[in-house]
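Right, one structure below, let's go through it.
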Amino acid sequence: MTPIDLLLGFAFFYPLLMSYVWMGGGLLFWWRRERGAPPIDQPPELSRYPLVSLVVPCYNEGQNSRETIAALAAQRWPHFEILAVNDGSSDDTAEVLDDLLDEVPQLRVIHLVQNQGKAMGLKTAAAAARGEFLVCIDGDALLDPWATHWLVSHLVDWPQVGAVTGNPRIRNRSTLLGRLQVGEFSSIIGLIKRAQRSYGRVFTVSGVIAAFRATALRRVGWWSNDMVTEDIDVTWRLQMDRWDVRYEPRAICWILMPETLKGLWRQRLRWAQGGVEVALRYGAALLRSRRHRRMWVTLMEFTASVVWSYVMLSLILLWLAGRLLPMPEALQVPSLLPDWHGVILGATCLLQFAVSLFIDRRYEPGVGRNYYWMIWYPFAFWFLNMLTTVVATPRALAKRRGTRATWVSPDRGL
């Protein structure tokens, strides 16, 4: 077997294996935790209902702030406050939030003069919060009225739980990219989180919707200012400190996502760089201690995805070189076009989408209408994942520790 055969085998079997791992873990999670569960508007009765602080850091969210705060004010949880942090916005976010003070009695607004980054906005709100639990969302998110109940239910009755992440759903679908991301959040992100909860540890909470125990955050030092993705970083540190991190699919949050290639690229590049930064910072410490052995699978899964990206890049470059230059037979890549293995991958992908739609249909009626568009997603997801990882890895390696990560105005779709 030649080196090229080994690379081609890994390039084929890795995504195939991960699809079945995600499907198996997702179905196991559904069977144990979602099958026969009550509807979203019937959360479990709790032993107590403490004050909860709903936190929303904002940067240039003037167009979305009013709608976001209104959704927070409509929460059915009996005791809550809302903390909005304007992190040096250059638009009218400050004026919109100040106007809302007269309309929403639970709202408090904190203004930062300069853009300090999302992590600093979260830490500022946490320092001012009165609640023992924090529910943190993004400035464009619309929280389902019962989401706080479902998130906090894990924190109230399970003292070992440090964080709970919810179920983001896409609300802008005016382009093909938007429709593809509807399927992605069901068949990729949703299944991955279910599988990770079934097999071990969660790679990351969703920064757009997550609840935290304040004492757990205090023990790990709150959010890091120098990490591109503060949500991945705090998830790893909580779990390394032996806190449990859970996924609650009934905590629904409607979000806006990029619908341009430029916006999608910037977002996924940041996600990829954040993952590499966290693996570089904590990977060695994880492997040195059996205390963190439940995180080993998470680290190995991420490392395999990085290796796969560079294997694919190598195959593409060798194929191009073979078209332009004479190559030794051992280094020749005959073709990049799908053959029988492409048919297997395509069929597996469609099966994965079918499984995810079966699980998610209760949270978003009519989500199956997007099934038609999913045939294109294997190419889009894996190709984008490869490119962003290849670009993000050297950026993460070159980044100086301690460099503050500040906000960039996001692409909120069309």
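- No salt bridge links Asp231 with Lys118; every basic N to acidic carboxylate O contact stays at or beyond 4.0 Å.
- Here the side chains of Val152 and Trp77 are in contact, with some heavy-atom distance below 4.5 Å.
- Note on Arg76 versus Asp41: no salt bridge recorded, every NZ/NE/NH1/NH2 to OD/OE distance being 4.0 Å or above.
- Tyr59 places no side-chain N or O within donor-acceptor distance of the main-chain N or O of Gly88, the cut-off being under 3.5 Å.
- Nearest heavy atom pair, residue Ser224 against residue Arg237, reads OG-NH2, 3.3 Å.
- Shown are Gln160, Arg291, Arg219; of these, the side chain to side chain contact (heavy atoms under 4.5 Å, CB included) with Arg242 is made only by Arg291.
- In this structure, Asn60 and Ser90 approach most closely via the heavy-atom pair OD1-N, 2.7 Å.
- The cationic atom of Arg281 (NZ for Lys, CZ for Arg) does not lie both less than 6.0 Å from the six-membered ring centre of Trp236 and within 45° of the ring axis.
- The residues Arg197 and Asp244 are annotated as salt-bridged, a charged nitrogen and a carboxylate oxygen being separated by less than 4.0 angstrom.
- In this structure, Arg213 contributes its side chain and Val161 its backbone to a donor-acceptor pair below 3.5 Å.
- Using a distance-only test at 3.5 Å, with no hydrogens or angles considered, a donor-acceptor pair links the side chain of Thr93 to the main chain of Glu61.
- Distance alone, capped at 3.5 Å, is enough to place a donor-acceptor pair between the Thr68 side chain and the Gly139 backbone.
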With salt bridge (charged side-chain N to carboxylate O under 4.0 Å, His left out) as the criterion, how do Asp360 and Arg169 come out once you've worked through the C-alpha distance, each side chain's angles and the decisive distance to 0.1 Å? CA-CA 10 Å; Asp360 270 0; Arg169 314 300 300 184; 2.9 Å; yes

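- Closest of all the heavy-atom pairs between Leu143 and Val135 is CD2-CG1, 4.3 Å.
- Nearest heavy-atom pair across Ser309 and Thr389 is OG-CB, 3.5 Å.
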Stepwise side chain to side chain contact (heavy atoms under 4.5 Å, CB included) test for Leu72 and Ile137: CA-CA 10 Å; Leu72 290 177; Ile137 68 169; 3.6 Å; yes

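- Salt bridge absent: Glu230 and Lys123 never bring a charged side-chain N and a carboxylate O closer than 4.0 Å.
- By the 4.5 Å heavy-atom criterion applied to side chains, Thr348 and Met23 are counted as neighbours.
- Without hydrogens or angle criteria, Tyr199 side chain to Gly25 main chain gives a donor-acceptor distance under 3.5 Å.
- Between Arg395 and Gln273, the side chains place a donor N or O and an acceptor N or O closer than 3.5 Å (distance only, hydrogens not considered).
- In summary, the side chains of Glu81 and Ser53 do present a donor paired with an acceptor at a separation below 3.5 Å, with no hydrogens or angles considered.
- Contact detail for Ala128 and Arg108: the closest heavy-atom pair is O-NH2, 2.9 Å.
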Do Asp144 and Asn167 pass the side chain to side chain contact (heavy atoms under 4.5 Å, CB included) test, and can you show the C-alpha distance, the side-chain angles, and the key distance before you say yes or no? CA-CA 10 Å; Asp144 181 83; Asn167 186 359; over 6 Å; no

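- In this structure, Glu277 contributes its side chain and Val228 its backbone to a donor-acceptor pair below 3.5 Å.
- Interatomic distance, Leu299 CG to Arg294 CZ, rounded to the nearest 0.5 Å: 15.5 Å.
- Using the six-membered ring where Trp is involved, Phe29 and Tyr247 have ring planes that are tilted, between 30° and 60° apart.
- Ion pairing of Glu34 with Arg362 is absent here, as no side-chain N (NZ or NE/NH1/NH2) approaches a carboxylate O to less than 4.0 Å.
- Scanning all heavy atoms of the two residues, the minimum distance from Gly275 to Phe302 falls at C-CZ, 3.3 Å.
- Here Asp92 contributes atom CG and Asn86 contributes atom CG; the two are 10.0 Å apart, rounded to the nearest 0.5 Å.
- Two residues are said to be in side-chain contact when any heavy atoms from C-beta on lie closer than 4.5 Å; Pro44 and Trp150 meet this criterion.
- In this structure, the side chains of Leu315 and Val311 come closer than 4.5 Å at one or more pairs of heavy atoms.
- Between Pro57 and Asp87 the shortest side-chain heavy-atom distance does not fall below 4.5 Å.
- With rounding to the nearest 0.5 angstrom, the CD1 atom of Ile69 is 9.0 Å from the CG atom of Leu54.
- A 6.0 Å sphere centred on CD of Gln63 holds no more than 12 heavy atoms belonging to other residues, nucleotides or ligands.
- Using a 4.0 Å cut-off between a side-chain N of Lys or Arg and a carboxylate O of Asp or Glu, Arg171 and Asp140 do not qualify as a salt bridge.
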Between Asp138 and Ile255, is the side chain to side chain contact (heavy atoms under 4.5 Å, CB included) condition met? List the steps. CA-CA 8 Å; Asp138 279 355; Ile255 63 174; over 6 Å; no

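- Counting only heavy atoms from C-beta outward, the side chains of Ile359 and Arg194 approach each other to under 4.5 Å.
- Using modelled atom types and a 3.5 Å distance limit, the side chains of His111 and Asp98 yield a donor-acceptor pair.
- Using a 4.5 Å heavy-atom cutoff, the side chains of Trp271 and Ile232 are not in contact.
- Interatomic distance, CZ of Phe203 versus CD1 of Ile189, reported as 12.0 Å (0.5 Å rounding).
- The distance from atom CG of Leu269 to atom CD of Gln267, rounded to the nearest 0.5 Å, is 11.0 Å.
- Remark: His149 NE2 to Arg250 CZ distance equals 13.5 Å, nearest 0.5 Å.
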Check the pair Ile344 / Phe12 against side chain to side chain contact (heavy atoms under 4.5 Å, CB included), numbers first and verdict last. CA-CA 10 Å; Ile344 293 176; Phe12 166 63; 4.3 Å; yes

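- Taking the six-membered ring where the residue is Trp, Trp223 and Phe212 present perpendicular rings, their angle passing 60° and hence far from 30°.
- In this structure the side chain of Asp157 reaches within 4.5 angstrom of the side chain of Leu46, judged on heavy atoms.
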